[in-house]
There are 2 protein chains.
Amino acid sequence: MLKKVLLGSLGAALVLTAGILLGHFGIQRGSTAPDWVMDVTQDVDEALIQKFIAEVDNIAIQENLRELTKVPHMATSPGDEQTVQYMLKRWQDPDTGLDQAWREEYKVYLSFPDPNTPNKVTVVSPSDAVLYTAREKEKAYSSDQEDPEVVQPYAAYAPAGHPKVADTQNAINAAPYGVIGVLVYTDPWDINDGKMSDNNETYPYSWYMPPSGVERGSFNTHYGDMLTPYLAAKDDTYRIPEKNITGIPPIPTQPIGFEDAYALICELGGEPAPSEWQGAFNCTYNFGGPGFKPTSNFNNSDVKLDIYNREELKNSANVMGVIRGSVEPDRYVIYGNHRDSWVHGAIDPSSGTSVMLEVTRVLGRMVKQGKWRPRRSIIFGSWGAEEFGLIGSTEYTEEYYSKLSERSVAYINVDIAVFGKSKSVKNKFLFTMTAYEQWVKTPGSDSSSVYDNWIRYFNRTSPAYGVIPNVGFLTGAGSDYAAFIHFLGITSMDISYTYDRTKTRARIYPAYHTAYDTFDYASKFIDPGFTSHQTVARTAGNVLMRLADSLLLPFNCSDYAETLEGYLSKAMELYTDGLAAHMISIEPLQTAVRNFRSAAARLDQLIRDSDLANETPLKVRRINDQLMLLDRAFLDPVAFPDRYGYRHVIWASSKAGQATFPGLADAYTRAASTGLDNDWKEAHRQLSILIQAIQGAAHTLGDTI
Amino acid sequence: MLKKVLLGSLGAALVLTAGILLGHFGIQRGSTAPDWVMDVTQDVDEALIQKFIAEVDNIAIQENLRELTKVPHMATSPGDEQTVQYMLKRWQDPDTGLDQAWREEYKVYLSFPDPNTPNKVTVVSPSDAVLYTAREKEKAYSSDQEDPEVVQPYAAYAPAGHPKVADTQNAINAAPYGVIGVLVYTDPWDINDGKMSDNNETYPYSWYMPPSGVERGSFNTHYGDMLTPYLAAKDDTYRIPEKNITGIPPIPTQPIGFEDAYALICELGGEPAPSEWQGAFNCTYNFGGPGFKPTSNFNNSDVKLDIYNREELKNSANVMGVIRGSVEPDRYVIYGNHRDSWVHGAIDPSSGTSVMLEVTRVLGRMVKQGKWRPRRSIIFGSWGAEEFGLIGSTEYTEEYYSKLSERSVAYINVDIAVFGKSKSVKNKFLFTMTAYEQWVKTPGSDSSSVYDNWIRYFNRTSPAYGVIPNVGFLTGAGSDYAAFIHFLGITSMDISYTYDRTKTRARIYPAYHTAYDTFDYASKFIDPGFTSHQTVARTAGNVLMRLADSLLLPFNCSDYAETLEGYLSKAMELYTDGLAAHMISIEPLQTAVRNFRSAAARLDQLIRDSDLANETPLKVRRINDQLMLLDRAFLDPVAFPDRYGYRHVIWASSKAGQATFPGLADAYTRAASTGLDNDWKEAHRQLSILIQAIQGAAHTLGDTI
């Protein structure tokens with residue numbers, strides 16, 4: 001009896017097993033998982049990230065740079081067209097290219113020299129003018145032009161009797177005082193740690209700028225094509241009359257090398273300028289009033305400024321490429337850099353372009369080999385005409401405004417990828433993604449991560465995390481992220497590797513925007529061996545892949561709350577009493593920030609309480625949309641109506657120079673200075689706009705219904 | 001042996017079955033369908049729609065209306081507060097209420113009479129003024145005030161010697177000519193088919209307005225709280241100075257009944273007014289210049305206009321309620337109506353509110369009984385202070401701007417649900433949803449559907465479908481849909497049942513905005529038995545449930561293309577030559593519309609080629625997002641900077657009175673009239689804005705990457 005029972009049990013067990021197998025695998029009805037269930041719940045594959053990191057090759061980046069710098073490639077030049085072709089060839093490569101790549105053209109307003117037909121000639125005569133000098137960037141430009149791209153020392157000629165010129169914050173401000181032209185140079189004190197000699201001190205002997213180096217640049221308080229604000233500059237697009245252009249200097253500004261500046265400045269007469277104006281030249285920097293020293297050979301001479309430039313409408317191209325997303329093709333991670341340079345542009349912008357091409361080579365190959373396809377779509381952009389005012393990227397955001405606002409997860413910008421040799425990564429982005437950089441090792445090190453290195457050189461203490469890497473804010477318009485963050489409200493980051501700023505006074509690598517920014521310079525003095533470039537490519541690619549592949553978007557909304565709280569506490573410290581004196585309460589702002597914090601905490605709790613990989617994919621999509629659209633909620637197109645493209649009420653640039661809400665800070669500062677009732681009204685209006693935006697953002701983070 | 005085998009087989013079969021069940025339901029691994037698979041692919045349940053339609057009860061609607069009209073409920077009045085409480089009670093009912101209901105307060109700027117302390121007194125003296133009359137609405141108001149809410153005949157006093165007053169388009173325009181006050185009345189010719197006697201011709205003997213009926217109204221070219229444009233009117237919100245208010249008449253406008261108008265108009269002296277100014281009174285309507293007839297008892301008399309109104313900041317409430325969505329709670333279908341009336345407001349707005357309460361009762365019960373939960377969330381809004389300028393709904397859209405723009409599928413408005421007794425449904429909405437109304441039968445008919453009835457009374461011939469029901473466009477700001485469509489770009493519809501307009505000249509039901517708009521009037525002369533109300537509730541609820549439950553949103557983007565093509569062909573007919581004469585090509589607009597059409601066709605093809613219920617739920621979500629956000633793509637906040645809240649470049653109101661693109665039409669008309677270069681520039685700018693918007697919308701419909 002015992003034996004029978006055992007056999008019976010065994011038989012039943014076998015039959016049960018067969019049944020289980022049948023039920024599990026054999027029945028194709030609603031209850032069997034459709035194929036797509038695995039896809040939609042798939043998270044980032046760490047092995048693929050490791051594969052990407054391993055394959056990023058420093059020598060490939062070096063060779064990209066060598067190719068890109070063969071010819072100068074200023075926007076719309078023949079060299080630029082060659083670069084367009086090169087980008088297209090790379091991105092259309094059947095083995096390592098993208099799914100698709102193409103060019104998009106805009107007809108934009110630019111300024112070019114025409115040596116044969118000078119446009120006009122301005123003669124600036126010291127005999128009836130005072131030559132002023134200014135060297136310090138703090139004096140030279142207003143604080144909202146804080147980006148190195150546009151901050152340059154200047155020397156100004158101005159008529160006598162206008163002492164305010166010496167106090168003007170920048171060359172633009174000088175014009176109303178009668179300044180009719182500005183000469184700009186970069187003093188060796190600021191850029192070369194005082195080194196001046198081209199015999200052995202400056203490039204090609206070091207990274208320092210040679211005496212003949214001329215740092216070019218452009219100046220515009222807006223960005224994008226100047227004739228077509230808010231409209232993509234197509235052939236038939238309406239263009240404003242040139243006379244209606246605002247935001248550019250009304251007077252010519254000519255950059256010169258410090259050898260020429262030396263010849264002029266050391267001959268200046270008048271009283272000595274203040275000590276903070278003195279520079280590296282072996283002479284006293286005088287105010288220059290009026291004109292040159294009586295003992296100078298230049299006495300009674302003019303400085304003649306010949307203007308050769310003409311404004312022209314020219315076609316400028318963006319080169320675009322995509323990798324289609326497999327699961328959420330309608331979610332975009334955008335990665336871009338400009339393509340145009342001032343001359344050869346080895347570092348600016350081709351270091352970034354070389355990195356981008358290496359990122360696309362490695363990713364493209366993984367796609368072409370069928371080893372990888374991102375969950376979300378990736379869009380690559382090689383922008384045109386950035387040096388003239390971020391034109392290519394801005395026109396792109398204008399043309400595709402709706403599509404990009406609806407679907408973009410983030411924008412990653414890598415322009416100047418490597419600023420110099422020492423060991424620190426400089427990141428400017430809005431969400432902390434601190435964990436990522438732990439994956440990437442620093443150049444020449446097998447042990448320390450970018451994260452460790454970053455925290456060592458540039459850190460801050462967070463209430464939530466303690467000491468963490470510091471992250472700058474993208475409040476300016478220094479590179480192509482501007483339209484993405486300020487105009488579209490797309491979460492953006494800007495990545496680069498930079499030198500140890502405690503070791504030099506140079507605000508940027510000394511060959512910046514000069515003809516000496518070449519492959520030779522880059523490979524000898526910025527990144528020999530291109531391992532820093534490699535590190536940037538790994539870091540950017542790592543972030544890019546995680547943004548594209550993570551089931552849950554790697555954004556932390558509580559970190560945003562921390563920033564708002566920091567801004568709030570600064571605003572309360574500076575403005576509470578002054579506002580109260582005008583019957584304006586700051587309390588609703590406190591409430592708004594508190595509401596934002598608790599909405600963020602609730603969303604974080606929801607995320608912690610969820611098992612997103614096993615719940616409906618519409619749940620993680622919903623949470624991701626909340627995170628993706630968070631920056632969008634801070635846009636207000638009527639907040640700053642006179643400032644093109646600045647719609648983000650948290651990150652807009654500010655003149656007040658305080659780490660707080662920009663609109664409120666600027667309006668308060670103005671009201672406190674003028675005391676005018678209308679200005680206090682504007683401060684109140686800015687406060688209300690801000691409160692509504694923060695409350696609105698909190699609503700988007702809160703319970704969805 | 002046989003017996004044993006049989007038993008054994010039976011046992012094995014039982015065990016096998018147990019195994020199958022276990023394997024099928026008991027093992028949670030990748031290959032077994034998770035619970036949520038069924039939910040996310042669920043489409044609308046037609047049986048539930050039928051259940052809803054069957055349960056909508058005409059007598060319940062009647063009793064809602066009886067309750068709502070017990071007291072007058074002008075915005076912020078004690079009666080309004082009673083109505084708020086009633087709405088809350090209904091929506092919080094444990095058996096038939098919503099998931100949640102609450103009130104939201106705004107502090108808004110209103111104007112109320114204060115009988116004890118008149119604000120000021122204006123004396124208008126015919127002895128030095130001409131009394132002008134105007135009756136025709138075409139003359140009375142400019143064409144962009146095309147909504148019945150604000151179109152009223154008027155009579156104006158003005159100083160002598162200003163013949164242009166007679167040509168002014170509206171009372172506002174009269175002020176610059178010296179008019180200091182306006183008396184408004186509704187002529188029996190227009191509203192009563194000439195009937196005037198209160199002995200047997202007018203209410204309570206018929207639906208016609210009695211001689212003492214005063215049609216109130218408000219006038220404002222903007223909408224929303226006047227002191228807080230773009231900001232929700234909270235306690236601490238910044239308010240513009242009252243003197244900066246624009247868009248309201250600079251002179252008082254007083255509505256009077258036609259019995260009072262008769263007494264004045266028939267005594268007017270001067271030349272006879274043109275024939276189109278003559279009305280139903282048994283006298284000649286004279287221009288009244290100067291003053292009354294010499295033979296009149298009024299000769300040498302003044303007309304004294306006492307102004308009692310005072311501006312006040314008062315709290316106004318929206319009552320909000322929600323049914324949470326089960327699958328996509330972050331997608332909102334919004335349904336709303338205003339709650340405030342001028343007096344008892346039986347038809348305007350309580351016919352709509354009674355319908356809304358019946359819709360929520362039936363849906364609420366289905367939810368409370370566990371029989372139904374919508375896929376998407378449904379938000380109900382009972383708006384405050386609509387009669388003063390759509391204030392409640394507008395403040396709501398300002399406060400929740402980000403959340404609503406990101407997530408709203410559609411807004412349904414049912415204000416005046418039933419205009420009169422005869423058989424036609426008037427719909428104004430943007431997407432054709434023609435199939436729906438076939439489900440709903442017309443009142444008192446067992447055979448013909450609302451669709452059939454609609455097509456019979458109000459149809460058009462579509463290139464794609466042949467003869468179909470006609471759908472008006474929501475180009476004005478006649479009810480609370482304005483902020484949703486014009487400011488937020490949310491696809492909107494406005495539903496009502498109306499009388500046969502071939503049978504009467506009345507532009508609206510005659511008791512509109514008078515004290516005679518009562519329950520008695522409604523139940524005797526507008527909808528005895530409340531079966532038309534029932535039909536509207538069924539139609540609106542049917543649409544609401546489909547918007548909330550359909551797997552694929554019931555929007556047809558190719559129908560949108562048809563509208564754009566109609567607008568384009570009108571624009572080409574009217575403007576091609578004039579634009580070409582100013583070197584502006586209309587061709588890029590043709591290209592844009594063509595691109596939109598092919599993007600729409602491709603999306604339709606994709607939908608047809610898809611098996612959405614069996615593909616990843618992220619695919620249908622993606623397509624739904626394309627459809628949901630289509631109207632959003634037409635928003636441009638810099639298109640009409642001087643017009644509050646008008647951002648939709650297709651549906652914005654226009655003065656040009658042409659069925660074409662409003663911005664282009666207005667700018668072209670102006671330029672053609674002034675010939676000024678700047679005006680032609682604006683026409684070109686409007687054309688470029690339009691092209692970019694249509695191209696942008698086409699991009700959102702096109703391949704997602």
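Numbered from 1 within each chain, the chains take letters A, B, ... in sequence-line order.
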K.L.:
When rounded to the nearest 0.5 angstrom, what distance separates CG in B/Leu687 from OG1 in A/Thr237?
P.N.:
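Interatomic distance, B/Leu687 CG to A/Thr237 OG1, rounded to 0.5 Å: 9.5 Å.
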K.L.:
If you measure from CG on B/Asp330 to CD on A/Gln626, what distance do you get to the nearest 0.5 Å?
P.N.:
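Atom-to-atom, B/Asp330:CG and A/Gln626:CD are 7.0 Å apart.
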K.L.:
Non-hydrogen atoms of chain A under 4.5 Å away: do they reach the side chain of B/Glu615, the backbone, both or neither?
P.N.:
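Just the backbone, heavy atoms under 4.5 Å.
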K.L.:
Among B/Ser405, B/Pro229, B/Ala232, which residue forms the greatest number of heavy-atom pairs with chain A at distances under 4.5 Å?
P.N.:
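Option with the greatest count: B/Ala232.
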K.L.:
Identify the heavy atoms of B/Ser402 and A/Ala633 that sit nearest to each other, and give their distance.
P.N.:
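That would be OG-CA, 3.3 Å.
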K.L.:
What part of B/Phe634 is in contact with chain A, defined as an atom under 4.5 angstrom from a non-hydrogen atom: side chain, backbone, both or neither?
P.N.:
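B/Phe634 has no heavy atom closer than 4.5 Å to chain A.
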K.L.:
Does any heavy atom of chain A fall under 4.5 Å from the side chain of B/Asp235, the backbone, both, or neither of them?
P.N.:
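Neither; nothing under 4.5 Å.
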K.L.:
Is B/Arg647 in contact with chain A via its backbone, its side chain, both, or neither, using a 4.5 Å heavy-atom distance?
P.N.:
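Side chain only.
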K.L.:
Can you check whether A/Arg621 reaches B/Asp625 side chain to side chain, under 4.5 Å on heavy atoms?
P.N.:
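Touching, per the 4.5 Å side-chain cut-off.
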K.L.:
Considering all heavy atoms of both residues, which atom of A/Arg375 and which atom of B/Leu618 are nearest to each other, and what is their separation?
P.N.:
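Shortest heavy-atom contact: NH2-CD1, 4.0 Å.
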K.L.:
By a 4.5 Å heavy-atom criterion (distance strictly below it), what part of B/Tyr401 contacts chain A: side chain, backbone, both, or neither?
P.N.:
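No part of B/Tyr401 comes within 4.5 Å of chain A.
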K.L.:
Where on B/Pro617 is there a heavy atom nearer than 4.5 Å to chain A: the side chain, the backbone, both, or neither?
P.N.:
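Its backbone and side chain both get close to chain A.
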K.L.:
Using heavy-atom distances under 4.5 Å, tell me whether B/Glu328 contacts chain A through its side chain, its backbone, both, or neither.
P.N.:
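Just its side chain gets close to chain A.
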